[in-house]
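One structure below.
All of these numbers come straight from a predicted model, not from anything done at the bench.
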Amino acid sequence: ESLFEDDATKDLQMSEIYGGEHLLRLFIKLPTLFEHVELDKSELCFFQSQMQLLLKFIAKNKEKYFNGSFKRASEEYVQKYDSICSNTRKENA
């Protein structure tokens, strides 16, 4: 199910809709996601080093990825998102 169903966004890439702010939100959720993945120490260190490189790249190019056009989601959007996530969690339980 798509959260974007209007004509204004149908031809846009997800990166054009969500932007760098949403990528950073994913970084915050990574520790929780990794609780469910078995990685040995060397794999975890490799991943951590790659994440550090990516974050340095984003910081260096922040003007390109954070253009100040971030807008707070409408209440309707948030409710729809919560509903989709809730249904997904129930299906995976």
Discussion item. Applying side chain to side chain contact (heavy atoms under 4.5 Å, CB included), can you list everything that pairs with Ile58, at least two apart in sequence or on another chain?
Written reply: Leu23, Phe27, Leu54, Phe66
Response to the item:
Rounded to the nearest 0.5 angstrom, the CD-CG distance for Glu35 and Leu33 is 8.5 Å
ILVMFWY network linking [X] to [Y], side-chain heavy atoms under 4.5 angstrom:
X	Y	result
Leu24	Ile28	no
Leu26	Phe57	yes
Met51	Val37	yes

Side-chain polar contacts of residues 39-50 - donor-acceptor pairs under 3.5 angstrom, sequence neighbours left out - could you list them?
residue	atom	partner	partner atom	Å
Asp40	OD1	Ser42	N	3.1
Asp40	OD1	Ser42	OG	2.8
Asp40	OD1	Glu43	N	2.8
Glu43	OE1	Asp40	N	2.9
Ser49	OG	Phe46	O	2.7

